[in-house]
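Structure first, commentary second.
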Amino acid sequence: MVFHTRGISKTYRMGEVEVHALRGVDLDLFEGEFVVLLGPSGSGKSTLLNILGGLDVPTTGAVRYKDQNLSAADEALLTRYRREHVGFVFQFYNLIPSLTAQENVALVTEISSKPLPPEDALKLVDLGDRLDHFPAQLSGGEQQRVAIARAIAKRPDVLLCDEPTGALDLKTGVIVLEALARVNRELGTTTVVITHNVDIARMADRVIHLSDGQITAIEVNNDKKSAAELAW
Amino acid sequence: MTALDRKLWRDLWHLRGPIIAITLVIASGVSCFVMFMSTLDSLLLSRELYYRDHQFAEVYAPLKRAPESVRQRIDRIQGVDKVDTRVVAPLRIDIEGFDEPVNGLITSIPDSDQPLLNQLYLRRGRLIEPGRNDEVIIAEPFAEAHRLGPGDSLHVIIKGKRKKLRIVGIGGSPEHIHQLRPGGMFPDFERWGVLWMGRTALAHAYDMENAFNHVVATLLRDADEQNVIDQLDDMLKRYGGAGAFTREDQVSHRFLAQELAQLENLSGVFPIIFLGVAAFLLNVVVTRLVGAQREQIATLKAFGYTNWSVAWHYLQMIMLIVVAGAFIGVVAGAWLGNVLSGIYVNLFRLPFLHFELDPMRIVQSTLITTVAGMLGTLAAVHAALRLKPAEAMRPEVPAIYRRTLLEEMGLKRLLSVPSRMILRNISHKPVKSLMSILGIALACAILMTGRFQEDTISFMMDVHYALSQRDDIGVTFNEATSRTALAELRSIQGVEYGEASRAVLARLHHEHRSHRVHLQGFEQNAVIKRLVNADLRPVSLPSDGIVLNEYLATKILGVQVGNLLTVEVLEGSQRVREVPVVALIRQDLGVGAYMDLRALNRLMQEGDVISGAYLYVDDRYAKEVYEQLIDRPQVAATAIRIQEIRNFHRTMDETLLFWTSVATLFAVVIAVGVVYNSARITLAERSRELASMRVLGYTRGEISYILLGELALLTLVAVPLGLWFGRGLCAYIAQTLENELYRVPLVLEPDTYAFSALIILLAAAVSGLWVRRQLDRLDLIEVLKTKE
């Protein structure tokens, strides 16, 4: 088992409003799984992902990553956890605008112990010929694939993706999803993808439905589709 | 190079506009610091070297005449190290082609050698050759003023006897660095000459064979100064001793010390202000620069970069800026320091400049800016790091904006939506807005200091010469004489009116304090020479008692009206009397003690005598009047007022011009640095908001209004504040500059306010336009596509 959460809740303040983002979530995730977190916006998907990724800690409840207790971890431990085990892909890519594709990947490989060469990571997402392009010179889909390359280059144990296709059109979205599936398949990385797009769920091993900060259903997908077969 | 290092260099390049602006601000601060400190250090060192290498004497004793044998007795006074006797004589100098009166002082040197003390610095030529009684060495500034050199000759009149002398050397002495005629306010190298001649020849001309009328000495390390002075006074009393004094009362040293002390005070004030402003700006800008990279910091953190490595990344950026700024500042400062030292060396007439840039000064200035930059960076980075990465990456929580006071007051209807945005933006981040206002205001204040000195000096000159010292020509006689001398002067064609004056060298004592001064007497109903009170109204001279100027009374002697002052006359009768202080007057230039002429003569017990005159002269006859004065043997010195004023302006103008240009340059750099950076960063922070407005159909001009309107509003608030700061700063400088030579009144002409405000507005306008151009070039629609 990779992740094990029990009764996690998260409350935070947005300006003058108190938001209950999660209300008692119990969840187990397994090695090599491709999991999709599905739910409308505001359902708590991102919060859950952030907690799994060590970007945030729950207000109450327990989170374990293998044998590490993340809910009680301090800042330094979380930093090390992220550095050693987690790869992130964000909806808006979060590339460093002043660095080229290759350098954006190097940003992560330089602080990892057993990384892929940045070039190989970029080849894995079919961007071997765009190494020296700056983010501003790449299309949205290309930028997102750089972000994926950046996330997988360190050979993370888990790959967490927050609406990776949210800002992309169908065609580019499919290319990005293919890249994710390929990484999951070839490197065996546990992959969690957040989306509110039901179609994407069809390529997952398991689909976890969230609504209003709670898990409403978990379905196992026995008929896994490839990204190319999806349509939305 | 790691990817993070690459990011560092690219960010530096990308932000080059603001970074150049900050670098220049730091460079200004550092260069100002280095300029002042190196100038001060260099001048102090140069003076010290001059004093040491030329055996500057520590004790001075003028007297009437004593046989050379007295010298051995002086030698035996406990605490005295080296003793030198000499002949010092006033003289008149005739220079061909120069028809105004020229006076001077001639000092003897050994017939074939350097004197033991106060040795000459020879710029050109040589010392006197033994056996030559017609050779003379003249002071460098005098030589320059009349284009004289070795080989030229001049005529002098010593004790009524005319003598032709050949110049063999051009030089100076540590006792005549600052050359002032007795009672003169400013050096006048054309009309006052300092000369040196062989002892035998001068003694012959001045009837001082085998005698001397001046003693100089140095003291042993542990000598009791006061004891030496008292013993000298006792010993020389029967030889007409006029009171021995130490270096502190030696005219040249005293003036130079005051000037240097003043420079030292300025060196304390300005660099601290400049460096302070630079540090402050650096802090503000860095805070906002780092704040703008909030999301990038969060992303780095998400990948597992530690807090320290993120902080280090930004600290490196700041250190590069600081080091670049400090480097430019040190180079520019050393260059400016060299120029400024040169100006001062010229002004103070030091024979050489030993330019010194103490590495400690470089370290100090770099350290101050580095620490300021680090603190700003760490605070900003800390603020970004404190956020959980997840939070930092989330779009910033819509900030809580409120309606501003103006809107609450019901002005809402009058304000367009963009105008309301401007007001809310400013009031939403009051600290940030206040910082920008403060920065601009400080620049405005610095601008005022440059012009202030000009204003106040003109004012001082006006007050002194138009209200108080109103004569065209001031005449000093060789010795006290009867009133017929005045009648004779008044009979010269062209002299419209004349008034008698008397000056007596005296030492004023009150409790443990004392001061050597020329006690001046003039007529009660005088119209040429007048005294003015604090409100610049004429005060009539009381028929008895002594009138002091405020500075002499309060700061030097510590007396008030009604106190008794002990007056120790240092010439003639040498009487000691108690005289009440009857009034205090305002006098911005010099220090003065005044008495009614009759009362002064009663004090001296010398009958109705005078020692000088103040004259009104018809311009058309000026030349003839000069000729007449030159021919009169009893006239020792002539002060032509218009020349005094010109001399003063000539010496001050160069310093002032330099200072005003430097202050203006620095202030403009600071103003542009603040406004441009505020605009640039505001643009970065607001680009999304402004882009949204463009999508809604606002034009480029309309969104520029929001950005530039905010800056304009901040600038408009900053300018009056800056003028107020400036006034305070000038008042502080005026206070700092106060010394025996002058008290600087706080005078600020409307022009100065207008100039400072205008320069700031211009700097703001140029910075605004610059940013406006960038705004026009930004593809704002693109900004919208990528996020939210």
Side-chain angles (χ1 to χ4, degrees), chain A residues 10 12-17 19 21 46-47 49-51 53-57 75-76 78-100 102-112 118 134-136 140 143 147 150-151 153-154 156 160 162 167, chain B residues 1-16 292-311 313 317 382 385-402 428 684 687-688 778-779 782-788:
Chain A
K10 179 72 186 176
Y12 57 85
R13 298 187 65 83
M14 273 290 248
E16 288 175 344
V17 191
V19 181
S46 292
T47 309
L49 194 80
N50 289 341
I51 290 173
L55 289 176
D56 213 343
V57 286
E75 173 63 32
L78 285 180
T79 302
R80 215 175 66 221
Y81 162 67
R82 292 198 301 267
R83 183 187 281 226
E84 289 168 3
H85 305 292
V86 189
F88 279 106
V89 177
F90 307 104
Q91 180 178 6
F92 297 110
Y93 335 133
N94 285 55
L95 299 179
I96 303 292
S98 55
L99 297 179
T100 62
Q102 194 252 357
E103 289 160 352
N104 261 290
V105 179
L107 193 63
V108 168
T109 59
E110 280 168 4
I111 58 167
S112 317
F134 282 95
Q143 287 186 53
R150 185 172 66 175
K154 67 158 99 161
L160 304 177
D162 190 351
Chain B
M1 202 191 278
T2 66
L4 213 51
D5 289 336
R6 290 226 179 87
K7 168 174 164 1
L8 178 73
W9 289 109
R10 302 246 170 84
D11 283 353
L12 283 172
W13 176 245
H14 179 67
L15 295 167
R16 61 193 175 276
Q293 295 211 344
R294 192 179 112 112
E295 282 172 44
Q296 296 193 27
I297 291 175
T299 308
L300 289 174
K301 285 228 3 175
F303 295 148
Y305 276 87
T306 61
N307 286 351
W308 171 243
S309 52
V310 174
H313 172 65
M317 181 188 275
H382 179 70
L385 289 177
R386 221 177 31 216
L387 293 171
K388 290 253 155 22
E391 251 173 273
M393 253 181 295
R394 217 173 279 148
E396 234 179 310
V397 179
I400 304 162
Y401 281 81
R402 298 186 197 288
H428 172 59
S687 52
R688 176 170 312 282
L778 259 187
D779 190 351
E782 189 60 35
V783 176
L784 282 189
K785 273 207 231 153
T786 48
K787 256 206 186 160
E788 295 283 302

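Quick note on labels: first sequence line is chain A, next is B, and so on, each numbered from 1.
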Going from CZ on B:Phe303 to CG on A:Leu107, what distance comes out if it is rounded to the nearest 0.5 angstrom?
6.5 Å
So, using side-chain contact (heavy atoms from CB on, under 4.5 Å) as the criterion, who are the partners of B:Trp308 when residues are at least two apart?
B:Thr306, B:Ala311, B:Trp312, B:Leu315
Output all residues satisfying side-chain contact (heavy atoms from CB on, under 4.5 Å) with A:Ala106, sequence neighbours left out; order by chain, then residue number.
A:Thr109, A:Glu110, A:Pro118, B:Ala3
Under 4.5 Å from a heavy atom of chain B, the part of A:Arg150 involved:
side chain
Determine the minimum heavy-atom distance between A:Phe90 and B:Ala302, stating which atoms define it.
CZ-CB, 4.0 Å
How far does CG of A:Leu99 sit from CG of B:Asp11, to the nearest 0.5 angstrom?
7.5 Å
Given the options A:Thr79, A:Val108, A:Ile111, B:Tyr305 meets side chain to side chain contact (heavy atoms under 4.5 Å, CB included) only with A:Ile111
Using side chain to side chain contact (heavy atoms under 4.5 Å, CB included), reason through B:Lys301 and A:Arg82 one step at a time and then give a plain yes or no.
CA-CA 9 Å; B:Lys301 285 228 3 175; A:Arg82 292 198 301 267; 3.9 Å; yes
Gap separating the OG1 atom of B:Thr2 from the CD atom of A:Glu103, nearest 0.5 angstrom:
10.0 Å
